[in-house]
Protein chains: 2
Amino acid sequence: MKQKKKSIIPEACSCTIIHQDRIDRASKQMPKTEVLFNLAELFKSFGDTTRIRILYSLFKEEMCVCDLCAFLGMTQSSISHQLRILKLSRLVRSRKAGKVVYYSLEDVHIKDIFKLGLIHINE
Amino acid sequence: MKQKKKSIIPEACSCTIIHQDRIDRASKQMPKTEVLFNLAELFKSFGDTTRIRILYSLFKEEMCVCDLCAFLGMTQSSISHQLRILKLSRLVRSRKAGKVVYYSLEDVHIKDIFKLGLIHINE
DNA sequence: ATAACATATGAACACATGTTCATATGTACT
DNA sequence: AGTACATATGAACATGTGTTCATATGTTAT
């Protein structure tokens, strides 16, 4: 009798009913761990109401930090901290004009991603 | 996934250079706070490597909890907890077959959202 | 130079989140 | 009935995260 193949990391799961064929197929179409990590990081940037609201505010045109504070009713520090995160994720870019810093969307795909997200919510 | 509701405080910003016209225009195309909150919740579900890996594993076909544990090299408890979150977000559905529970994707848009996310990362 | 202002940032805090451990639930089989 | 197994779940723990506060940086005007 042929023995059942055990899991990749033996101590992770004690189950015996494992569909090795399914695992093999899933394995083939799985992106690299690093890619999945970066993807999770990206969605993490979208996973906060304040950041979502900032991005939506910039959908049509650029705004300065001041505008965002006033519009979203939040402290300047809070907005600045979140803008920093969005900038690190390459979701917004900044343009300096004297004392004022204007922020705008860096990626056109953001709108499409949000659109798909909204479809899911409304289903 | 829970998130604290943030209060809107008018005196949050002491800036004087506010572009009221920009704020008015942004205001017009801004979805309701509740919608933005739900959108953030959805992306929060995508914002974890384990959950991203689970979703990717289910791209082609359903898998049981056991398969996921073995494939992803994680404990059964950990996978179960994450599946619960994904189910609450209506991203996966479950089907019981005796002792075994099979999970599959509930929303066809997930793939498209991931696709767009990957485009952003690779830019 | 000094003052005023717009923005950035480090530290501290409270709260959220993911994993682990122990255990409960539910199903199949003897 | 009992045993074995697949999955679910509550509690505890450590880590991560968003806001606040204080303060720093950089720019403009006097």
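Every heavy atom of this structure was used, including side-chain atoms; hydrogens, water molecules and symmetry mates were not. By convention in this document, chain letters (A, B, ...) are assigned in the order of the sequence lines, proteins followed by strands, and residues within each chain are numbered from 1.
- Atom OH of A:Tyr102 and atom C1' of C:dA8 are 18 Å apart (whole Å).
- As rounded to whole Å, 12 Å separates atom C1' of D:dG16 from atom CG of B:Asp48.
- The CE-P distance, from B:Met63 to D:dA6, rounds to 16 Å in whole Å.
- The two atoms that bring A:Asp67 and B:Arg22 nearest to each other are OD2-CD, 3.8 Å, heavy atoms only.
- Atom CG of B:Leu68 is separated from atom C1' of D:dA8 by 15 Å (rounded to the nearest Å).
- For B:Tyr103 and D:dA8, the shortest distance from a side-chain N or O to OP1 or OP2 is below 4.0 Å.
- The aromatic ring of A:His81 does not sit over the base of D:dT19; the criterion of centres under 5.5 Å apart with planes under 30° is not met.
- Heavy-atom contacts from other residues, nucleotides or ligands closer than 6.0 Å to CZ of B:Arg90 number more than 12.
- Residue B:Thr75 places no side-chain N or O under 4.0 Å from the OP1 or OP2 atom of C:dT19.
- Of the residues B:Leu105, B:Thr50, B:Val92, the one that meets the side chain to side chain contact (heavy atoms under 4.5 Å, CB included) test with B:Leu86 is B:Val92.
- Recorded end-axis angle for the helix from C:dA1-D:dT30 to C:dT30-D:dA1 stands at 20°, based on five pairs per end and rounded to 10 degrees.
- Heavy-atom contacts from other residues, nucleotides or ligands closer than 6.0 Å to CZ of B:Arg95 number more than 12.
- By the 4.5 Å heavy-atom criterion applied to side chains, A:Val65 and A:Ser80 are counted as neighbours.
- At a threshold of 4.5 Å between side-chain heavy atoms, the hydrophobic network of Ile, Leu, Val, Met, Phe, Trp and Tyr places A:Tyr103 and A:Ile85 in two separate groups.
- Comparing atom distances between the A:Gln82 side chain and each of C:dT19, D:dG18, C:dT9 picks out D:dG18 as nearest.
- Taking the salt bridge (charged side-chain N to carboxylate O under 4.0 Å, His left out) definition, one finds that A:Arg25 meets it with A:Asp21, B:Glu61, sequence neighbours left out.
- Computed from coordinates, the B:Leu72 CG to C:dG18 C1' distance equals 15 Å when rounded to whole Å.
- Here the nucleotide nearest the side chain of B:Cys64, chosen from D:dT7, C:dA8, D:dT19, is D:dT7.
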- 5' to 3', nucleotides 23-28 of chain C under a 4.0 Å protein heavy-atom cut-off (B base, S sugar-phosphate only, - none) gives ---BBS

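- Contact annotation: B:Arg84 side-chain N/O to D:dT9 OP1/OP2 distance is under 4.0 Å.
- Nucleic acid contact class of A:Lys44 (heavy atoms, under 4.0 Å, all strands): sugar-phosphate only.
- You'll find a donor-acceptor pair under 3.5 Å spanning the side chain of B:Ser77 and the base of C:dC21, going by distance alone.
- Atom CD of A:Gln29 has more than 12 heavy atoms from other residues, nucleotides or ligands within 6.0 Å.
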